Amino acid sequence: MSHPHPELKAAPPLPDGGLRVTALGGLGEIGRNMTVFEHAGKLLIVDCGVLFPEETQPGVDVILPDFTSIRDRLDDIVAVVLTHGHEDHIGGVPYLLRERRDIPLVGSKLTLAFIEAKLKEHGIRPRTVRVREGDRRGFGPFDCEFVAVNHSIPDSLAVAIRTGAGMVLHTGDFKMDQFPLDDRITDLRAFARLGEEGVDLFLTDSTNAEVPGFTTSERELNPAIEQVMRTAPRRVIVSSFASHVHRIQQVLDAAHEHGRKVAFVGRSMVRNMGIARDLGYLKVPPHLVVTTKELEKLPDHKITLVCTGSQGEPMAALSRMANRDHQIRIGKGDTVLLASSLIPGNENAIYRVINGLTRWGAHVVHKGNAKVHVSGHASAGELVYCYNIVRPRNVMPVHGEWRHLRANADLAIRTGVDPDRVVIAEDGVVVDLVDGRASITGKVPAGNVYVDGMEVGGATEASLKDRVTLAQEGVITVVAIVDADTGALAEAPDFLARGFVHDETTFEPVIPVIEKTLATAAEEGVGDAHQLEQLIARAVANWAFRTHRRRPLIIPVIIDA
């Protein structure tokens with residue numbers, strides 16, 4: 001099994017006839033999936049998503065893949081293939097198209113509808129190529145065949161990319177539900193046929209590689225959803241991802257069966273469900289969906305609300321209901337159904353929302369106490385099935401944190417793939433397929449690019465570190481008036497502190513420290529204001545740590561008297 005090494009250098013030029021695969025996101029993390037394929041001087045990109053920030057990244061809206069390595073080759077990009085319409089696969093597209101607007105976007109009907117709606121908000125009208133399973137299209141030197149896969153959003157595709165260097169099969173996100181709600185199953189016959197032809201490199205979804213067995217069918221959720229609709233005494237509030245059409249279909253059907261009306265709440269939910277309904281992916285029984293205005297006339301036991309916020313996102317509808325910051329007031333007898341997973345890292349935020357809702361008297365039904373969620377990703381049993389059907393020559397696990405990638409690699413090896421041909425890469429690691437063998441040859445920059453309000457890439461690791469310091473340690477501004485002739489203090493300095501616990505006398509002991517620092521500087525002939533500011537900042541920081549065990553941010557300001 002070849003592993004990445006921190007001492008990797010920049011990759012050498014690609015040998016003639018070779019295929020280069022570089023993931024710029026989605027390896028070592030769950031999110032911002034993006035893979036760049038290079039062959040015969042051209043680039044094909046599969047997916048371009050975003051990653052949602054963690055608590056250590058305050059003020060960041062989303063995190064993008066790093067486009068540095070392709071920025072001077074934008075004209076070589078022949079297409080961006082989008083496997084499905086989830087944010088972690090399409091969310092970065094507007095930012096890529098800002099750099100070159102006419103890159104063709106290739107995807108299925110629903111995926112393109114979702115990305116077009118998103119691009120409209122950015123004022124971009126994209127060039128699109130609509131495909132469906134069974135289609136085969138050429139983009140430069142890449143011959144792409146699209147294969148139906150089942151996932152937690154309709155119309156998902158895997159893509160087989162045929163090149164002069166061999167064939168790559170990229171699963172996208174997938175699972176193998178044998179009884180999907182839309183009867184569109186993962187096309188294992190196509191996987192087998194491609195396997196017969198010869199898959200040289202297999203990129204597989206690792207998200208659930210650590211989970212033994214098989215992922216449960218969506219249909220097995222029906223009893224739990226149905227029970228909530230049947231037994232809830234008052235309103236039912238369902239929260240789900242704004243793109244989980246199948247889950248919302250089940251909610252609509254159950255509500256309809258029990259004589260409830262449904263209203264969609266939240267901009268993204270209203271927009272996406274409108275698109276899914278218009279395109280025929282969401283089958284809405286007549287007169288079932290009403291506006292929030294019409295709801296006010298209905299008795300509580302006839303009401304179902306479908307909203308966003310199942311991950312505890314602070315601005316989404318459900319969190320705002322929990323905080324009493326929404327026009328919908330949750331009260332005694334309401335039932336809240338969280339029909340989604342706990343994304344790793346969001347657990348605390350989700351439990352905070354569950355506690356908030358419970359406090360107002362709601363009964364909260366979630367994955368922890370009822371069968372209301374199944375994953376959208378293949379478990380170990382399904383992955384092993386795929387390896388045995390495809391019999392790939394080389395394997396590169398994608399879409400997962402380190403533990404998921406390693407578990408997926410181990411599964412491939414157990415089915416008989418040569419361990420030397422299983423490549424575990426990280427973001428930015430370059431994998432070359434040459435003469436039928438995949439190996440790591442170098443790396444390209446692939447840092448985090450932070451979107452902060454309107455600013456893309458402005459926030460850096462250093463500025464985020466400052467934000468965390470401000471949050472945890474506070475800030476002290478020291479204003480010192482210094483006599484230009486003697487270099488000594490003209491009067492006592494002013495201290496302005498925020499988030500640093502202090503009273504009137506806290507900073508008295510630091511005045512002699514500043515005086516001593518200035519005296520030493522004067523002896524050594526240091527009179528430059530900037531240098532003096534640095535010296536004072538260091539002296540005050542050392543004092544704060546020695547006496548208070550705190551590391552606040554120090555902002556020194558020197559004024560000449």
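Not measured: the values here are computed from a predicted model. Excluded from the calculations below are hydrogen atoms, water molecules and symmetry mates; all remaining heavy atoms, backbone and side chain alike, are included.
The closest side-chain donor-acceptor pair between T186 and N150, if any, does not fall under 3.5 angstrom. Inspection of the T111 and D155 side chains reveals no N or O donor paired with an N or O acceptor under 3.5 Å. Side-chain atoms of T204 and T171 include no donor-acceptor pair closer than 3.5 Å.
Distance alone, capped at 3.5 Å, places no donor-acceptor pair between the N408 side chain and the H404 backbone. Side-chain atoms of H151 come within 3.5 Å of backbone N or O of G376 as a donor-acceptor pair. Side-chain atoms of D427 do not come within 3.5 Å of backbone N or O of A446 as any donor-acceptor pair. Put simply, the side chain of Q249 gets close to the backbone of K283: a donor and an acceptor are under 3.5 Å apart. When atom types are taken as modelled, the side chain of S156 and the backbone of V149 share no donor-acceptor pair closer than 3.5 angstrom. With hydrogens and angles ignored, the 3.5 Å screen pairs a side-chain donor or acceptor of D200 with a backbone N or O of M167. The backbone N or O of V131 sits nowhere less than 3.5 Å from a side-chain atom of S108 that would complete a donor-acceptor pair. Side-chain atoms of E145 do not come within 3.5 Å of backbone N or O of D143 as any donor-acceptor pair. Although no hydrogens or angles enter the test, the distance criterion places a donor-acceptor pair under 3.5 Å between the side chain of N369 and the main chain of V364. In this structure a side-chain-to-backbone donor-acceptor pair under 3.5 Å is missing from H258 to R260.
S239 is not listed as a side-chain neighbour of I237, based on a closest heavy-atom distance of 4.5 Å or more. Contact of the R393 side chain with the L201 side chain is not registered, since no non-hydrogen atoms from C-beta on lie closer than 4.5 Å. Between D177 and I185 the shortest side-chain heavy-atom distance does not fall below 4.5 Å. Between L44 and C144, some side-chain heavy-atom pair lies under the 4.5 Å cut-off. With contacts defined as side-chain heavy-atom distances shorter than 4.5 Å, the pair L24/V36 qualifies. Inter-residue side-chain proximity for V262 and V251 is flagged as unmet; no heavy-atom pair is nearer than 4.5 Å. Using a 4.5 Å heavy-atom cutoff, the side chains of K367 and L338 are not in contact. Using a 4.5 Å heavy-atom threshold, the side chains of L305 and L295 count as touching.
A salt bridge does not link K175 to E382: none of the charged side-chain nitrogens sits closer than 4.0 Å to a carboxylate oxygen. For the pair E197 and R162, the salt-bridge criterion is met [side-chain N within less than 4.0 Å of a carboxylate O].
Interatomic distance, D334 CG to R234 CZ, rounded to the nearest 0.5 Å: 4.5 Å. I153 CD1 to F114 CZ: the interatomic distance, rounded to the nearest 0.5 Å, is 5.0 Å. For the atom pair I63 CD1 and F52 CZ, the distance stands at 10.0 Å (nearest 0.5 Å). Between L203 atom CG and L169 atom CG the span is 8.5 Å, to the nearest 0.5 Å. Atom NE2 in H246 sits 11.0 Å away from atom CD1 in I248 (nearest 0.5 Å). In this structure, the separation between CG on L96 and CZ on F67 is 4.5 Å, given to the nearest 0.5 Å.
Smallest separation of non-hydrogen atoms from P233 and H301: O-CB, 3.6 Å. Residues L97 and P126 share a closest heavy-atom pair of CD1-CB, 4.1 Å. When all heavy atoms are compared, the tightest approach of C307 to L318 is SG-CD1, 4.0 Å. Contact detail for V147 and A190: the closest heavy-atom pair is CG1-CB, 3.7 Å. Closest of all the heavy-atom pairs between G123 and R101 is O-NH1, 3.3 Å. The two residues I225 and A254 have their closest heavy-atom pair at CG2-CB, 3.9 Å.
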Practice prompt. Decide side chain to side chain contact (heavy atoms under 4.5 Å, CB included) for I161 and V159; before the verdict, give the C-alpha distance in whole Å, the side-chain angles of both, and the deciding distance to 0.1 Å.
Written response: CA-CA 6 Å; I161 306 167; V159 57; 4.0 Å; yes

Item to complete: Could you walk me through whether T304 and M229 pass side chain to side chain contact (heavy atoms under 4.5 Å, CB included), step by step?
Response: CA-CA 9 Å; T304 300; M229 295 293 180; 3.8 Å; yes

Practice prompt. Evaluate the criterion side chain to side chain contact (heavy atoms under 4.5 Å, CB included) for residue pair H86 and S152; output intermediate values, then yes/no.
Written response: CA-CA 9 Å; H86 278 150; S152 53; 3.2 Å; yes

Worksheet item: Stepwise, does the salt bridge (Lys or Arg N to Asp or Glu O under 4.0 Å) test hold for R329 with D300?
Response: CA-CA 12 Å; R329 314 291 280 181; D300 279 349; over 6 Å; no

Practice prompt. Mind running side chain to side chain contact (heavy atoms under 4.5 Å, CB included) on I45 and I103 for me, showing each step along the way?
Written response: CA-CA 10 Å; I45 295 174; I103 302 173; 5.9 Å; no

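Between H84 and H89, the ring-plane angle classifies as tilted under the 30° and 60° cut-offs.
Applying the side chain to side chain donor-acceptor pair (under 3.5 Å) test to pairs two or more places apart or on separate chains, those with a residue in residues 122-134 are E133-R184. Annotation: ring pair (Phe, Tyr, Trp, His ring centres under 6.0 Å) contacts involving residues 273-292, sequence neighbours excluded, are absent. Residue pairs meeting the ring pair (Phe, Tyr, Trp, His ring centres under 6.0 Å) criterion with at least one partner in residues 123-146, sequence neighbours excluded, do not occur; the list is empty. The stretch residues 164-200 participates, sequence neighbours left out, in these ring pair (Phe, Tyr, Trp, His ring centres under 6.0 Å) pairs: H170-H399.
The salt bridge (charged side-chain N to carboxylate O under 4.0 Å, His left out) check on R100 picks up D102, with sequence neighbours excluded.
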With a 3.5 Å cut-off and sequence neighbours excluded, list the donor-acceptor pairs that the side chains of residues 269-279 form with protein atoms.
unit_1, atom_1, unit_2, atom_2, d
R271, NH1, E121, OE2, 2.7
N272, ND2, A242, O, 3.0

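For the side chain to side chain donor-acceptor pair (under 3.5 Å) test with R32, the passing option among D88, N448, D66 is N448; the others fail. For the side chain to side chain donor-acceptor pair (under 3.5 Å) with H377, the lone residue among T215, N208, D205 that qualifies is D205.
Heavy-atom neighbours of F214 CZ from other residues, nucleotides or ligands within 6.0 Å: above the threshold of 12. Heavy-atom contacts from other residues, nucleotides or ligands closer than 6.0 Å to CD of E196 number 12 or fewer. Heavy-atom neighbours of R193 CZ from other residues, nucleotides or ligands within 6.0 Å: above the threshold of 12.
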